[in-house]
Amino acid sequence: MRPVALNRRTLLSGLAAGMALPAFRIDTLRRVAAAASLAGTRPAGELAGDEAYWSEIQRAFDADRTLVNLNNGGCSPAPSHVLEAMIRDLKFSNEMPVHHMWNVLEPRIESVRRELAAEFGCDPEEIAITRNASEAMETLTLGIDLKAGDEVVLTNQNYGRMITTWEQRARRDGIVVKQISFPVPPRSAEDIVERFRSALTPRTRVIEITHITNLTGQILPVRAVVRMARERGIEVFVDGAHAFAHFPFQRDDLECDYYGTSLHKWLFAPIGTGFLYVRKEKQKKIWPLMAAPAAMDNDVRKYEEIGTHPAANHNAIAPAIAFHRGIGGQRKAARLRLLRDRWAKRLLAASPRVKVLTPLNDTDSCGIGLIQVEGLDTTKLQAHLWEKHRIMTTPIIHAEFNGLRVTPNVYTTLPEIDVFCEKIEETLKKGLPV
Ligand SMILES: Cc1ncc(COP(=O)(O)O)c(C=O)c1O
């Protein structure tokens with residue numbers, strides 16, 4: 001991973017130079033600057049529990065503290081200054097869209113592309129900016145040529161919309177979609193690779209793998225699957241909706257040719273942002289979702305031919321990247337794991353009825369965890385936490401398992417985690433109200 005690129009000096013000199021920042025919420029960046037000076041050069045593990053540091057980060061968000069948001073996996077709030085950069089650009093666009101939006105703001109997508117590529121560790125010519133992971137992944141699913149009888153292998157823990165997209169393709173084009181299953185938690189990374197391997201036949205053309213599942217927060221062995229598939233000439237589409245900027249990795253750690261992600265989850269960019277990575281030599285074989293001229297066949301921008309759209313949203317990815325770098329990927333992941341362990345270990349100790357279906361270590365998971373409470377209906381428990389205590393979690397109901405998905409964020413405070421634990425402990429004792 002690249003080292004933390006922003007420190008107090010670069011941030012403040014940027015502010016002094018009026019570095020395209022919204023003046024009205026400059027204080028939120030000052031929070032990051034203050035946090036950076038508190039952090040110094042301390043390693044991520046040591047900083048993870050430093051509340052003075054994290055309280056500065058917490059205040060960069062306008063979180064409503066009457067609510068406890070433990071569903072940041074669905075979609076995260078953006079730090080205040082990131083949101084306001086977008087609002088500033090929307091207002092500026094509205095003054096004269098044809099000039100301000102198209103001529104002034106839209107060309108700045110190129111610096112966003114450059115910085116995303118630097119974070120992901122690829123060439124900018126391999127990054128297309130999309131509106132979310134669905135658009136990125138569906139570009140791949142619907143954009144690759146496949147014939148009737150060609151086979152695609154997924155797991156039954158891939159994201160629902162992605163499975164739906166493949167199934168629509170099966171109905172339309174006669175391809176065969178195979179879904180493998182694996183236990184939660186998995187037996188081992190090798191077992192997952194083996195399950196994929198056993199599903200392959202000479203007709204397999206594509207594997208779609210989720211980098212980290214939205215269901216349990218399990219990180220899957222992407223590189224091993226990519227290597228195994230490449231030897232057989234099979235393409236691997238990686239759904240990284242929850243992975244990018246959540247925990248540190250780069251393209252070469254995965255060795256993948258295709259990757260789609262959302263940026264409104266863990267990068268904390270405004271809602272409606274994502275990217276698609278397609279390795280240069282593979283671009284010709286993936287058609288765009290919306291048509292582009294033949295001259296763009298080898299140009300990654302063909303995936304951005306979506307008609308009129310706001311420039312403000314994608315340009316506000318830039319301050320979100322700066323905010324992410326200001327914290328640093330390792331530090332962010334270490335804090336998220338500390339928050340995960342705080343609720344998971346306390347509740348596991350509270351009762352043998354509690355099961356955590358997410359392995360609590362640094363290779364298999366990060367900020368997302370799934371808890372199952374024996375004897376409590378998951379949907380009712382989620383509703384109770386929200387309706388009675390204003391604590392937001394996500395009920396996960398899968399054919400093979402279920403539980404509450406808990407996803408704190410860097411702005412989550414320790415007392416918020418503790419109140420969640422207290423309320424679960426209360427229901428363990430008293431049950432759910434009837
Ligand atoms: C694994 C996975 N893939 C894809 C998506 C779709 O993301 P978006 O709704 O941002 O397109 C999600 C959303 O939660 C997800 O968890």
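Note that the structure is a prediction, hence the values are computed from the model and not measured. Atoms within each ligand, like the ligands themselves, are counted from 1 in listed order.
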Exercise. For the ring pair Phe61 and Phe268, is the centre-to-centre distance below 6.0 Å?
Worked result: yes
Problem set entry | By salt bridge (Lys or Arg N to Asp or Glu O under 4.0 Å) - contacts of Arg232 (at least two apart) | none
For this session: Quickly, which of Phe120, Tyr303, Tyr259 forms a ring-ring contact (aromatic ring centres under 6.0 Å, His included) with Tyr277? Name it, please.
Result: Phe120
Exercise. Looking at the rings of Phe247 and Phe249, which for Trp means the six-membered one, are their centres under 6.0 Å apart?
Worked result: yes
For this session: Would you give the length of the straight line joining atom NE2 of His242 to atom OG of Ser262, rounded to the nearest 0.5 angstrom?
Result: 7.5 Å
Seminar exercise, completed: Heavy-atom contacts under 4.0 Å to ligand 1, chain-then-number order, include exactly Asn132, Ala133, Ser134, Tyr159, Arg161, Met162, Thr210, Asn214, Asp239, Ala241, His242, Ser262, His264, Lys265
Exercise. Any side-chain heavy atom of Trp386 sitting closer than 4.5 Å to one from Thr393?
Worked result: no
